[in-house]
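A, B, ... follow the sequence lines: proteins, then strands. Residue 1 opens every chain.
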Amino acid sequence: MKENILIIGGGIAGLEAAGQLLKLGYNPIIVEKSDHLGGHVADWNRLFPDMSPAEDLVSRLIAASSEANIFLNTEISFVNRLKDSWNIMLSNGISIITRILLFATGFTLFDASKKEEYGYGVYNQVMTNSDLEHWFNTGQDERIPEEGPAAMGFVHCVGSRDEKARNPQCSKVCCITAVKQAIEMKQKFPEAMIYCFYMDLRMFGKKYEDFYISAQKDYGIRFIRGRVSEVSENIEGKLVVKAEDTLSGKPVKVTLDLLVLMSGIVCNQQTCKTAGLLSLPIDSDGFLKSRDNIADITEAPREGIFYAGTCTGPKTVPETLAEARSAALEIHNYILNGM
Amino acid sequence: MDFGFKISPSSAVNLDNVDLTLYNRLLEAEPDICKCIACGSCTASCPANRFSGMSVRKAILNLQRGKEKETARMLSNCMLCGKCTMVCPRGINTRHLILSICKLYKEEAK
Amino acid sequence: MIYQGKQKIWADYQKEIPDDHWYYVRSCIRQNFFPGSEKMFLEICRNVLGKDFHENASHTTCGGIAYHCDTIPQETVMTIVARQFALMTEAGYENYVASCITSFGNYIEILQTWEEFPELETKIRELLWKACKREFKKPKYVAHASDLIYKYRNLIAERAKYRLINRHTGEPLKVVEHIGCHYSKMFPSKGVGGAEYPYVLCGMIEAWGGNVIDYPERRHCCGYGFRQYHVKANRGYSISNTHKKFESMEPYHPDMIITNCPGCPYFLDRWQYAIAEMEGKTYGENGYGIPVFTYEEVAGLVLGYDPWDLGLQLHQVAVEPLLDKIGVEYDPARKYEGLNHKNLLRPELPGVLKCC
Amino acid sequence: MRERFLTGYNDFVLPFMIGMIFILSYCAISLVRIIMQLPKEDRKKFFISLVTPKTIAKNIRDIFCDCLFHVKLWKRNKLLGYMHSSIAFGWFMLIVIGHIEVLFYVPHRAKLFYFPIFFRYFVAETESTMKGAFFFFLMDFFLLMVLSGIALAMIKRLQSRLFGMRRTTNPSFLDLIGLYSLWAIFPLRLIAEGFTADISGGSFLTKSLNHVLNSFLSDHTNMLPAWWAYSCALGVFFIVLPFTRYMHIPAEMLLIPLRNAGIKIRHARKGLAKAQVYACPSCGLCIDACPMGVMKTHIKDTTVYLNRQIRRNNEARIEEISDKCLLCGKCTAVCPVGVEGDKLRIAQRSIRRYAINQDYSNISAQMLPISPGNISPAAVSAPESAATVKNGGKVLYYAGCMTALTPVIRKSMESILTKAGVDYELMDKDGGLCCGRPMMMAGRFDQARQMVEKNTEIIMNSGADTLLLTCPICYRIFKEKYDLKGIEIIHHTQYIDRLIRSGMLRVDKDTTRYVFHDPCELGRGCGVYEEPREVLSCAGELVEATKNRKESICCGGSLGSLSLGFDKRKSMTENALANLMAGAPDIIVTACPLCRSTFNRYADRPVEDIAEIIDRKCVTSAAGPASLNPGGSN
């Protein structure tokens, strides 16, 4: 009989791991709490740095893992420890006995309304990176006028590197996402004046720096080093944004028609709950704690439990996929070596 | 009435009111200026910095913020020695940029 | 503006305010600037609403002004505050309400500091004992007087004689609310509505029929800034900030400004005169200024008290045009008549700012 | 010889006459204009030089060598030299002998302008003219010489590589008309004279042609059209000449005396600059010489095209071309007529108008971090007295801006000075003023002059008697523009050479192979070629680059170019590096901080300054410290 492997989370990490485990001859079971597979990536429009459609990636992953057992709209209700396995009870009443669990629970996007000074949910023309991707996908959002904004801004690090928002870590992907989205907006609305308000630009990945240069040179996107301090609305209903231009040491003020908040990656509270059922430790950054942050990032401190993707910290798409593959291999070795 | 103090203009730069006509002309001549990553190498190596606070980085920034006089003041001691060009990691031709600024922008009224 | 968005935030920042039995401490400066305000607060709480508000003549300054002017050390200000708490404890109260925003901020800051550094609290208890042989219990609830008026806003509205409505047009008055910086900017959770969108004055204005204006520099300081005003060399900075606020609210043509801080109404009121003299510019209608009120004065007005008994004649900006808008009855001849019917003498009228 | 026509005239001379009168008056007016455009003192200098025997002799020699024999071209390529000198000298001789013939046979016609040109039409051979056979032979000989030149010119248009040229100029439309009319003149002359050879006589060429022609064209009716065609070709050539590159023929004859009079370019478009522009023969030697030529897109930015654009007053292109140039000076070095491409460009840059003009009056010498020890008592006295401290004087070392970015050069130089026991002081330890050369190259003379004045003040007050420079950019302006009485200005290659010669520095020799890259400003700029080579020979084996010394290829990093971006320079640097590889060197050596850092970016082997090598290879000298000041001994 094929070995059951329970994968919690049907995002790209879960799907990729499932696909790999299928190829290795196991029986992966995906439990996904939402009604669709692909997680956050499925809500995204295009992926940097090649601007490849997110949909292509997700559908490829879904196709590769189609033979796995997949439960949508399902959560883990409770867990019983058996002698050398777990009995997992799902919210749909099914119980699964497995010796191996893979957490691919991903992350939650920071709730931008917690940064009250930016006025998400208060001012009409403030949106998040995710809202903008949704608009790229559907073209429907009242905040974006048909003729495009005359001036717009991107606020980096919303809920990232922010101790008061209780997320001291860098979300890794927002800088490049902001640059990507700024370029996409400029492509759609060439006349728009686009500002990026950043603290640091962390262009660490392949081709990121090229992307950034292109945003500066080819698209004329204006980068202002300084965190937006407050947003208000003027009598015309436009946004008045204040920040310090730290490079000139002067406060700047600008009137914008649209402000996009780059909500960061924060740990998934649901994950912490599930981790609690299995007495798994949480790291100081709120994400799941690996056995070792360098050598064993995909293994939990408890035998038989594995991690993949952003449940252990912010990651990019290629990093997540690589980790999913790595976790699948770890699981394979774990089974071969007789547990 | 003189109260012995007065209202000073805001130190904030209002980007809405910055007249970028000249800057856009400069941009046409020197498209590379947007490549500046404000690393400050130019400032650190500049021999005129100690005299007029010359800094290509700040000169560009000031133009973007509408502070043209500041830039003109900085440039007044530039010796065109080319060290900034040598050290710029983005390969900006700062010497030509400086000459272009000198051509386009007016000096502070003396 | 999405009103529901603000409501959602307001819902997150509700603080518990006991209904009755408060120990009241006054502000150092309000009695000089706006003498009717504190009197009206006690009048409304005690006589109109029949609540228990205790006051002790031997309470002193909280030390906030000196603290924010960097002239006394933290231990000193804490010991002064400890003595105030001792007076409250001796009077048998555990709810402490301050008239002054800076005091309120000061109390909150000190209580929070003691929570983080209990050894400091112990030290202060020792210092207080050494100084005046007193002991104190920390108050159970600390409120600002505006929190209570906010809490009683609907009770006041029920008894109101006037509403904040332009009786000529029937439109609600456009009201600028200005919150003192020390109210919630330091500890957002301690103020009604938090720091970004405080609700304490908005709630009153809405309850009494007015319309709140949200203008870009709403969050900005009134310009007082302690050191900025007290040091004359910095005074230009103080007025520049006030000027910035008025420039920002100007396009909305506000009918009035309501504040909850001792310094703010003073500077928003008096600097309008100075700005008019310097720039030749006035912000109200027909050369008048925008009248500035404390929340107690407004509560008194809507309850139908005589404007001159509220001390409105001490305002720099003339209040008469607004009284006419609301329809408040007043006798212009009584404006400069003191409580003992003695003539207070008419002040000299300024050159640019129009006054009555 | 007897005359065939009493009038001595035929209508066919008209085209020639019109052309000739046009070109002569054009040249006369231009000559006067150019001379009038010279500044007064230059004009005076010029006139004096015209009557000074020494310069007269030099002018004559130069005109013969350059204009007729094209000696410089002979040196470059024999075929190219022959082509040019055969046409120029052959034609010149045809004219000279033609005049001699007229004077000899029909002296009363000498006043007719056209007579020597069309002599053969107007005269008939008599029995007594056998003595003329000598001239007939010479005439045919030189005609053949010219024709051979023309034939080579035709071949050159197809196969320029045979003449040592990779690329040639793209002729303009008028240039082509001029070219074809020039090509046509001599074959047409041959045909015309061929038709008349049986009447007027001829030699091996014309007589033979006459026989051929007579064999199928029996009468003389075709004679006149041939002479008409010949005259027309001449006329057309003269008429278009001022608008073509052939204007260089008269212009060069003016340029040579101007140059010999020691006149310098003082205006972007007038005077000497104008003479140079018109003296450009569009030969295109500068195209191959230009280091930017490695990229095809830059071919039209070479000096020959600058001259063409200046003639056309195409301001946009003039600005582009003059700003792009690296100012390496190689085009000037190879130019056969002496057009100074680099100086011409600086002159173009100098006429730009700037709204912001740098001013250094706010900078005082006291603001510069020079150690107080530098200010010796002598400094307080007048600069003239500087000479009195010469013997005990010290060396002032000015490292310059670029050396600040290559501190290894400064460190090595200081180490060498210490090892040699030289008493020295660093002038710009914590930064100083720029020497002014980069500003000069940008054409902003006023600003450069201010910097020169400030630096002069500092140096004169330093009490030093030698100014040592490790940067050739600085060295050049110090040599050319600074007036430092009593202070010797010396580049470190020369100084090290002197230290070695005087025995103050001993260098160990090994088998390392060094190639020396001549920096533009040091070699072509200041003529320093030997000293660095002498120095390197002491340290190891010196190998030479394919193109060296005067022909050295700019590293591509030059400050001379204002507009060349970083990305555009890479291929130039790579090309310059490839040139240095001929002798398979182990180490590339240069003596310029800018060359060093530019090469270092792309080189596959170590690039070092000459000072670094000597510092590494030298053994501490036996001579006691300050026992001998090599500067003073010279």
How about [atom1] on [X], more than 12 heavy atoms from neighbouring residues, nucleotides or ligands closer than 6.0 Å, or not?
| X | atom1 | value |
| --- | --- | --- |
| A:H40 | NE2 | yes |
| A:E55 | CD | no |
| A:K115 | NZ | yes |
| A:E142 | CD | no |
| A:Q187 | CD | yes |
| B:K83 | NZ | yes |

Item to check | Flag side-chain contact, heavy atom, 4.5 Å: B:D16 against A:V254 | outcome: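 A side-chain contact under 4.5 Å exists here.
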
Next on the checklist: Can you confirm whether B:R90 sits close enough to A:K217 that some side-chain heavy atom of one is under 4.5 Å from a side-chain heavy atom of the other?
Outcome noted: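 Result no, sub-4.5 Å side-chain heavy-atom pair not found.
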
Item to check | Neighbourhood of chain A inside residues 41-49 of chain B, taking heavy atoms under 4.5 Å as contact | outcome: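 Result: none.
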
Checklist entry - Which one, A:Y212, A:F223, A:Y195, leads in non-hydrogen pairs under 4.5 Å with chain B? => result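 The candidate making the most pairs under 4.5 Å is A:Y212.
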
Next on the checklist: Heavy-atom pairs under 4.5 Å with chain B: which of A:V240, A:L201, A:I224 has the most?
Outcome noted: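 Most pairs with chain B among the choices: A:I224.
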
So how far is it from [X] [atom1] to [Y] [atom2], rounded to the nearest 0.5 Å?
| X | Y | atom1 | atom2 | answer |
| --- | --- | --- | --- | --- |
| B:N62 | A:K250 | CG | NZ | 7.0 Å |
| A:L256 | B:L15 | CG | CG | 9.0 Å |
| B:Q64 | A:S248 | CD | OG | 10.0 Å |

Next on the checklist: Out of B:N17, B:L61, B:I37, return the one with the most heavy atom pairs under 4.5 angstrom to chain A.
Outcome noted: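 Max contact count across the listed options: B:L61.
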
Checklist entry - For B:L20, is it the side chain, the backbone, both, or neither that has a heavy atom closer than 4.5 Å to a heavy atom of chain A? => result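 When you check distances to chain A, only side chain atoms of B:L20 fall under 4.5 Å.
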
Checklist entry - Quick one: what part of A:R222 sits under 4.5 Å from any heavy atom of chain B, side chain, backbone, both or neither? => result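 It is the side chain, since no backbone atom gets that close.
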
Item to check | A:D245 versus B:R65, closest heavy-atom pair with distance | outcome: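 Closest heavy-atom pair between A:D245 and B:R65: OD2-NE, 2.7 Å.
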
